[in-house]
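Note sheet for the following structure.
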Amino acid sequence: MMPNVVVIGSGAAASAAALRAANGGARVTLIERGTLGGTCVNVGCVPSKIFIRAAHIAHLRAHSPFDVGISTHQPVVNRALLLQQQQQRVAELRHAKYETILQGNPNITVRHGQARFKDAHTLTLVETGGAVQDIRFERALIATGAAPFIPAIPGLRDAPYWTSTEALVAAQLPEHLVVYGGSIVALELAQAFLRLGSRVTLIARSTLLAKDDPLIGATLQSILADDGMRVLTACTLRSVSYSQVGYALDIDGEIIHADQLLIATGRTPNTAELNLAQAGIQTDARGAIVVDDHLRTSANNIYAAGDCTAGPAFVYVAAAAGTRAAANMLGGDERLDLSTVPAVVFTDPQVATVGLDETRARQLDIKVETHTLGLEHVPRALANFDTRGFVKLVAAAGSGKLLGAQVIAPEAGEIIQSAALAIHAGMTVHDLAARLFPYLTMVEALKLCAQTFSKDVTQLSCCAG
């Protein structure tokens, strides 16, 4: 007999798990305290990529490598119409991919409210309308996601600052936007607002993308500065003062005036209100739920997946985790393999990574050989008159086994999966260099960089094998 399953949340991990469990015959109660669909479709991936794409189009109409022969013009941005277009697509996808599917499955019951653990087999649900009910379960999945982390900065709590949520639905573009943060969300939104017409100052507490290869941050900082952004690294926002005339921000003693502030300093797991201790569920210092590779928590009948855990905060990882957790709740034995996780930052050019970078390899005491190829050596980039960026490959010393790849390039996200598959297949850089790659594509940069391990690619003909 299939277990009675409760799923807390309705984003990528929760929905994938609910569907897998329901299709396996389980009776599923899915509990959502807010809007169905979670972060990605509502306030994350989908609206942000629409926003970023619109900014990219605006930029191309004003600036491109072909301005010498194609006339340009400064576009007029109608923020209201762009926002309407963006939110309509968000609503369409939420309805098609979450509301219709979840509510149309006869084995899934959707409830709205705040769930808290009473014990390892009971939840107390405070429904949106105020009613309170205990719900018994045999298995449960926690997939409550994460929310923007707000640092403790004097004056910040009294100011109408933005997080990414407010920024993506802002009715007007600020004249001068200060973005505090140096990671993915900060960089993507900072460049998008810049390209839509705002003056932007980016304040990073460390380097840009500090967890990645240092060459990535340095290269991206130069590119953003060339775009016209002021980028300050290794700086701290000391205090915030807000009045009707705008913000006065103390950045290590320099007072910067702006009319809007975006806080993008990371995210924190949504676990504080779940009463996890009552169910014997352990969390780490950040409040993230500790799980094993089968997504089990410290309570053997309760699982967790997605951004409320300590795993990589990517929607595709969350969905994969939810699917595997559901299978295991039904008696399966599926593990989540995180050995090869590609990641993309949707700046222009994009940043894409997979596997080990040079710094991490050395921290693990792995002897490596690395080669970096500038895009000025990639025929597609030359034909595009856009050679911003590089490809860097990390290989095991001696064997040449590919361990990692770091790419800055236009459409780097379309390149990185080839590297991920090569790593998963155990290929060497010599294997990669010998493969057939279509000519005048950006992905050929992987082959060319692999060839640098044994050849001087500047001495090869255009498409030499």
[X], [atom1]: over 12 other non-hydrogen atoms inside 6.0 angstrom:
{"X": "Arg53", "atom1": "CZ", "answer": "no"}
{"X": "Gln282", "atom1": "CD", "answer": "no"}
{"X": "Gln172", "atom1": "CD", "answer": "no"}
{"X": "Lys49", "atom1": "NZ", "answer": "yes"}
{"X": "Asn78", "atom1": "CG", "answer": "yes"}
{"X": "Arg61", "atom1": "CZ", "answer": "no"}
{"X": "Tyr316", "atom1": "OH", "answer": "yes"}
{"X": "Gln417", "atom1": "CD", "answer": "yes"}

For [Y], is there any backbone N or O sitting under 3.5 Å from a side-chain donor or acceptor partner on [X]?
{"X": "Thr309", "Y": "Ala304", "answer": "no"}
{"X": "Asp357", "Y": "Asp213", "answer": "yes"}
{"X": "Thr144", "Y": "Gly9", "answer": "no"}
{"X": "Ser48", "Y": "Gly44", "answer": "yes"}
{"X": "Ser64", "Y": "Leu60", "answer": "no"}
{"X": "Glu369", "Y": "Ala395", "answer": "no"}
{"X": "Thr387", "Y": "Gly374", "answer": "no"}
{"X": "Ser198", "Y": "Leu194", "answer": "no"}
{"X": "Tyr161", "Y": "Ile263", "answer": "no"}
{"X": "Glu166", "Y": "Thr163", "answer": "yes"}

Would you mind reporting whether [Y] and [X] have side-chain heavy atoms less than 4.5 Å apart?
{"X": "Leu189", "Y": "Leu177", "result": "no"}
{"X": "Leu173", "Y": "Phe193", "result": "yes"}
{"X": "Val178", "Y": "Tyr247", "result": "no"}
{"X": "Leu209", "Y": "Ser183", "result": "yes"}
{"X": "Pro269", "Y": "Ile289", "result": "no"}
{"X": "Ile184", "Y": "Phe346", "result": "no"}
{"X": "Asn384", "Y": "Pro65", "result": "no"}
{"X": "Leu393", "Y": "Leu446", "result": "yes"}

For the atom pair [atom1] ([X]) and [atom2] ([Y]), what is the distance rounded to the nearest 0.5 Å?
{"X": "Ile52", "Y": "Ile57", "atom1": "CD1", "atom2": "CD1", "answer": "13.0 Å"}
{"X": "Met229", "Y": "Leu202", "atom1": "CE", "atom2": "CG", "answer": "6.0 Å"}
{"X": "Ile408", "Y": "Ile415", "atom1": "CD1", "atom2": "CD1", "answer": "11.5 Å"}
{"X": "Leu36", "Y": "Ile101", "atom1": "CG", "atom2": "CD1", "answer": "11.5 Å"}
{"X": "Asp212", "Y": "Gln406", "atom1": "CG", "atom2": "CD", "answer": "8.0 Å"}
{"X": "Glu334", "Y": "Met329", "atom1": "CD", "atom2": "CE", "answer": "11.5 Å"}

Restricting to non-hydrogen atoms, name the atom on [X] and the atom on [Y] that form the minimum distance, rounded to 0.1 Å.
{"X": "Ala313", "Y": "Asp307", "value": "CA-OD1, 3.4 Å"}
{"X": "Ala21", "Y": "Ala326", "value": "N-CB, 3.9 Å"}
{"X": "Leu373", "Y": "Thr452", "value": "CD1-CG2, 4.0 Å"}
{"X": "Trp162", "Y": "Pro174", "value": "CH2-CD, 3.8 Å"}
{"X": "Ala320", "Y": "Leu336", "value": "CB-CD1, 4.0 Å"}
{"X": "Leu220", "Y": "Pro349", "value": "CD1-O, 4.3 Å"}

Could you verify whether a donor N or O on one side chain and an acceptor N or O on the other, from [X] and [Y], lie under 3.5 Å apart?
{"X": "Thr72", "Y": "His63", "value": "no"}
{"X": "Ser339", "Y": "Asp337", "value": "yes"}
{"X": "Gln191", "Y": "Asp227", "value": "yes"}
{"X": "Arg296", "Y": "Asn300", "value": "no"}

## Note on the structure
Only residue of Arg94, Arg89, His95 satisfying side-chain hydrogen bond (donor to acceptor under 3.5 Å, both in side chains) with Glu92 is Arg89
### Task
Can you label the angle between the His371 ring and the Phe453 ring as parallel, tilted or perpendicular, going by 30° and 60°?
tilted
### Query
Is Glu254 salt-bridged to Arg230, cutoff N-O under 4.0 Å?
yes
### Task
Could you tell me whether Asp226 and Arg388 have a side-chain N and a carboxylate O separated by less than 4.0 Å?
no
### Query
Should Arg380 and Glu411 be marked as a salt bridge (charged side-chain N to carboxylate O under 4.0 Å, His left out) after you check the CA-CA gap, both sets of side-chain angles, and the distance that decides it?
CA-CA 12 Å; Arg380 177 77 246 189; Glu411 306 300 334; over 6 Å; no
### Candidate pair Asp250 and Arg238, rule salt bridge (charged side-chain N to carboxylate O under 4.0 Å, His left out), full reasoning
CA-CA 5 Å; Asp250 181 352; Arg238 300 293 179 183; over 6 Å; no
Acceptor/donor pairs from residues 431-443 side chains to any protein atom, 3.5 angstrom cut, sequence neighbours excluded:
unit_1 : atom_1 : unit_2 : atom_2 : d
Asp431 : OD2    : Thr428 : N      : 3.0
Asp431 : OD2    : Thr428 : OG1    : 3.2
Arg435 : NE     : Asp431 : O      : 3.2
Thr441 : OG1    : Pro438 : O      : 2.7

### Task
Decide yes or no on side chain to side chain donor-acceptor pair (under 3.5 Å) for His377 and Thr458, but give the supporting numbers first.
CA-CA 7 Å; His377 300 296; Thr458 65; over 6 Å; no
